[in-house]
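Remarks on the structure that follows.
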Amino acid sequence: MIPVTSFAGKTVAVFGLGGSGLASCHALQAGGAEVIAGDDSAENVAKAAQAGFITADLRNVSWANLAALVLAPGVPLTHPVPHWSVLKAREAGVEVIGDIELFCRERRRHAPDAPFVAITGTNGKSTTTALIAHLTKVAGYDTQMGGNIGTAILSLEPPRMGRVHVIEMSSYQIDLTPSLDPSVGILLNVSEDHIDRHGTIAHYAAVKERLVAGVQAGGTSIVGVDDGFCRDIADRLDRAGKTVVRISVKNPVASGIYVEHGTIVRASGGARSEVAALGGIGSLRGLHNAQNAACAAAAALAMGISQDVLQNGLRSFPGLAHRMEQVGRRGNVLFVNDSKGTNADATAHALSSFADIFWIAGGKPKAGGITGLTSFFPRIRKAYLIGEAAQEFSGTLGAQVAHEISQTLDVAVANAARDAEASGLQDAVVLLSPACASFDQYRNFEIRGTKFRELVQALPGVKPVV
C-alpha cells in the first residue's frame, strides 16, 4: 500500500467504494487523513463500514470541512451530467481528484525521480502496459503494475528509486489527475470512444493528450502517429519543447520508431538502426500488436534498457490473458482465446491476424453488430455462433460465410476443433473473438475466456504452445 501523506490531519471525502475507492480510503487513513466514505450503493457503503471507515450520505455533511473529494473513475465528472457529489464539491470550492492524483502527489513528495510509466489510448492499453511491465522485470526493475489494468494504484508498493510503476490509464482516470507527470507517457491512438462521458471526440482526445503533455522535465512523450488526432498532438508537444518519440506501423518516420517488415526500426538524424525483431512472436501477432510493441520498445529505450534485453523480453512475453492468448495446439490447429474482443473493432484486430479462421463469435450484441467486419469475411472458413447474437450474426454472415448456430461455447469449441482438423489447412486457427459482451451467458469476459481455455485443453491431443 502507498500511504497518502499529503492530506495528513485533513478530512477527505471518498465517493465510489469499489476496488480503487476502498484502496484510497485505506491509503488516506494510513497517511494520517480522516476519511468520510460514500456511495450510491448501500452494499458498498456497508463494506466500507465493515472495514472501519466513517460512512455518510455526502449530501448531508459539511463540505466546508473537506479538503478534497476523491472520486472513483466510474462516476461521471462532466458528461452526460456531473454526478451530484461533483456539484456539491464545486459549490464548496473543494477539489475533485482521483486515486492516481494521490499517487502523483506522493511520488513528488518522496521519490520524484522514481520511474513512472503511464499508458493510454483507445485500443491496446492493457497489452502495452503488460508488455512494458514484462520488459522492466526482465531488465531487473522492481516492477509495480496497476491502474486501469486491474490493481488499484494505491494498493501497490510506494515509489522509490529502482522501482518502476507501470500504470494503465483510462480517459476517466486522466480527467481526475490534474497534475499527472509521468517520466514516460505513452499515447497509443485515438478513435471514437466514451463520447457519452466526454461529450465530443475532440474533448476525449484533449483528455488523452494531457497524459503526454504532462510528462515531467527530462521525460519522454511517446505518441502513435497513425491517426490524425495523435499526429496533431505530437506536433503540439514538439512546439511546447517536449521530447517526443513518434511511433508508426504504417509509414517510416523521419525521427522516431516505426515497424517495417516485422522489424522495429529507430530513425534519428537521417540514420536508421534496427532495434528488435517481431517475427515469430505469437503473443505479438498482428499490426495492432506491432504498434503496442513499438511503443513498449520506445519506453524501454527511454529508460535505458539495452536492445539485447529488449529483444529477449519481447520474445518471452506470454501475452495478455484473454487477448490473442494462444491456449493450445493440436497438429496444425492453433487455438486462440480473444475473449477480450468484446466489440467489432477489437475483433477486427484478431481477424486481421490470421488467414484460415474457424471463428467462434456471439454473446450479448452491441450496436452495429459485425457489419463492420465484412472485409475480413474471406479469412473465415466457418463461423460458430453462440448466445443472444447468434441469429443476428447469422443474418449478417448470410451466404458469404459458412456458419452454424452452436448456441453454447462447449458445442462451438468441439465443432470448430473437429472442422479445423478435418480441413487439412496448414495454419488453421480456432479463434474465440466474440465481438460481443459476455453478459448473456457469463458474468464477464474473463470467465468466458477461462471456460474456452478449459474446453480447449480438455480436447484429446491438445498441447501447450511453447
**Fill in**
Sorted by chain and residue number, the ring pair (Phe, Tyr, Trp, His ring centres under 6.0 Å) partners of Phe53 (sequence neighbours excluded) come out as His26
**Residues Arg108, Ser179; criterion side chain to side chain donor-acceptor pair (under 3.5 Å); working and verdict** = CA-CA 10 Å; Arg108 280 195 298 277; Ser179 65; 2.8 Å; yes
**Prompt:** Nearest 0.5 Å, what's the OG-CG distance between Ser24 and Asp99?
**Reply:** 4.5 Å
**Request:** Could you check Ile222 against Val184 for side chain to side chain contact (heavy atoms under 4.5 Å, CB included), going step by step and ending with a plain yes or no?
**Result:** CA-CA 7 Å; Ile222 298 166; Val184 178; 3.7 Å; yes
**Prompt:** In chain order, what residues pass the side chain to side chain donor-acceptor pair (under 3.5 Å) check against Ser316, with sequence neighbours excluded?
**Reply:** His134
**Asked** So do the side chains of Phe439 and Arg443 get within less than 4.5 Å of each other, counting heavy atoms only?
**Response** no
**Prompt:** Going by heavy atoms in the side chains, are Val265 and Val275 under 4.5 Å from each other?
**Reply:** no
**Centroid-centroid distance, Phe116 to Phe103, less than 6.0 Å** = yes
**Message:** Distance alone, cut at 3.5 Å: any donor-acceptor contact between the side chains of Thr136 and Thr143?
**Reply:** yes
**Message:** Any salt bridge linking Glu446 with Lys340? Criterion: basic side-chain nitrogen under 4.0 Å from a carboxylate oxygen.
**Reply:** no
**Working for side chain to side chain contact (heavy atoms under 4.5 Å, CB included), residues Ile2 and His165** = CA-CA 12 Å; Ile2 302 173; His165 284 78; 4.2 Å; yes
**Request:** Verify side chain to side chain contact (heavy atoms under 4.5 Å, CB included) between His322 and Phe452, making sure each step is shown before the conclusion.
**Result:** CA-CA 10 Å; His322 313 299; Phe452 175 78; over 6 Å; no
**Prompt:** Of the non-hydrogen atoms in Leu314 and Ile264, which two are nearest, and what is the gap between them?
**Reply:** CD1-CD1, 4.2 Å
**Complete:** d(Leu77 CG, Ser171 OG) to nearest 0.5 Å is 11.0 Å
**Point-to-point distance, once rounded to the nearest 0.5 Å, from CG of Leu278 to CG of Asn292** = 10.5 Å
**Item:** Side-chain donor/acceptor of Arg266 to backbone N/O of Gly256, under 3.5 Å
**Value:** no
**Item:** Pair Arg109, Thr5: side-chain N/O donor-acceptor within cut-off below 3.5 Å
**Value:** yes
**Prompt:** Would you find a donor on one side and an acceptor on the other, under 3.5 Å apart, between the side chain of Ser221 and the backbone of Val212?
**Reply:** yes
**Asked** Looking only at atom types and distance, does a side-chain atom of Ser339 sit under 3.5 Å from a main-chain N or O of Phe445, one as donor and one as acceptor?
**Response** yes
**Prompt:** Which residues pass the salt bridge (Lys or Arg N to Asp or Glu O under 4.0 Å) test with Arg323, sequence neighbours left out?
**Reply:** Asp338
**Fill in**
Taken to the nearest 0.5 Å, the spacing of Ile167 CD1 from Leu211 CG works out to 11.0 Å
**Request:** Output yes when Glu95 and Arg90 qualify as a salt bridge under the 4.0 Å nitrogen-oxygen rule, no when they do not.
**Result:** no
**Message:** I'd like to check Leu87 versus Ser85 (side-chain heavy atoms, cut-off strictly below 4.5 Å). Are they in contact?
**Reply:** no
**Message:** A quick test of your reading: do over 12 heavy atoms of other residues, nucleotides or ligands sit less than 6.0 Å from NZ of Lys242?
**Reply:** yes
**Message:** Could you walk me through whether Asp226 and Ser248 satisfy the side chain to side chain donor-acceptor pair (under 3.5 Å) test, starting with their C-alpha distance in whole Å, then the side-chain angles of each, then the deciding distance to 0.1 Å, before giving a yes or no?
**Reply:** CA-CA 6 Å; Asp226 287 332; Ser248 178; 2.6 Å; yes
**Item:** No-hydrogen, no-angle side-chain donor-acceptor test under 3.5 Å, Thr122 and Tyr204
**Value:** yes
**Prompt:** Are the side chains of Val223 and Leu188 in touch, meaning some heavy atoms are under 4.5 Å apart?
**Reply:** no
**Request:** Output yes when Asp181 and Arg105 qualify as a salt bridge under the 4.0 Å nitrogen-oxygen rule, no when they do not.
**Result:** no
**Fill in**
Nearest heavy-atom contact between Ile247 and Ala294 is CG2-CB, 3.6 Å
**Asked** Taking the side chain from Thr151 and the backbone from Gly146, do they hold a donor-acceptor pair closer than 3.5 Å?
**Response** no
**For Gln216, all residues meeting side chain to side chain donor-acceptor pair (under 3.5 Å), sequence neighbours excluded** = Arg107
**Prompt:** Is any side-chain heavy atom of His83 less than 4.5 Å from a side-chain heavy atom of Phe15?
**Reply:** yes
**Message:** Please check: side-chain N/O of Glu101 versus main-chain N/O of Gly98, any donor-acceptor pairing under 3.5 Å?
**Reply:** no
**Complete:** For Thr177 and Cys104 the tightest heavy-atom approach is CG2-SG, 4.0 Å
**Message:** Tell me whether Arg231 contacts the main-chain N or O of Val225 through its side chain, where contact means a donor paired with an acceptor under 3.5 Å.
**Reply:** yes
**Prompt:** Between Ala350 and Leu431, what is the shortest heavy-atom contact and its length?
**Reply:** CB-CD2, 4.0 Å
**Item:** Close side-chain approach of Ile370 and Trp359, heavy atoms under 4.5 Å
**Value:** yes
**Request:** Would you sort out whether Val164 and Val166 count as a side chain to side chain contact (heavy atoms under 4.5 Å, CB included), showing the intermediate values?
**Result:** CA-CA 6 Å; Val164 58; Val166 183; 4.0 Å; yes
**Request:** Could you tell me the separation between the CZ atom of Arg453 and the CG atom of Leu432, rounded to the nearest 0.5 Å?
**Result:** 11.0 Å
**Request:** Mind checking salt bridge (Lys or Arg N to Asp or Glu O under 4.0 Å) for Asp142 and listing every partner two or more places apart, or none if nothing turns up?
**Result:** Arg160, Arg163
**Item:** Side chain Thr120, main chain Met169, donor-acceptor under 3.5 Å
**Value:** yes
**Message:** Is there a side-chain contact between Ser20 and Pro73 in this structure, where contact means two heavy atoms from C-beta onward sitting under 4.5 Å apart?
**Reply:** yes
**Request:** Give a yes-or-no answer on whether the side chains of Ser6 and Glu106 include a donor-acceptor pair shorter than 3.5 Å.
**Result:** yes
**Item:** Within residues 242-265 or reaching into it, pairs that qualify as ring pair (Phe, Tyr, Trp, His ring centres under 6.0 Å) - sequence neighbours excluded
**Value:** none
**Asked** Is the backbone of Gly224 close enough, under 3.5 Å, to the side chain of Arg246 for a donor and an acceptor to pair up by distance?
**Response** no
**Item:** Salt-bridge contact Lys366-Asp345 (side-chain N to carboxylate O under 4.0 Å)
**Value:** no
**Message:** Give me the atom names and distance for the closest heavy-atom approach of Val96 to Leu176.
**Reply:** CG1-CD2, 4.1 Å
**Message:** Less than 3.5 Å apart, any donor N or O on the side chain of Thr78 or His203 sitting next to an acceptor on the other?
**Reply:** no
**Request:** Hey, could you give me the CD/CZ distance between Glu325 and Phe335, rounded to the nearest 0.5 Å?
**Result:** 14.0 Å
**Request:** Ignoring hydrogens and angles, state whether a donor on the side chain of Ser353 or Arg285 is under 3.5 Å from an acceptor on the partner side chain.
**Result:** no
**Prompt:** Counting only N and O atoms by type, is there a donor-acceptor contact under 3.5 Å from the side chain of Thr127 to the main-chain atoms of Gly124?
**Reply:** no
**Item:** Result of checking Lys125, His288, Gln291 against Asn189 for side-chain hydrogen bond (donor to acceptor under 3.5 Å, both in side chains)
**Value:** Gln291
**Message:** I need the minimum non-hydrogen distance between Ile149 and Ala130, along with the two atoms involved.
**Reply:** CD1-N, 4.2 Å
**Prompt:** Is there a donor-acceptor contact under 3.5 Å from the side chain of Gln307 to the main chain of Glu274?
**Reply:** yes
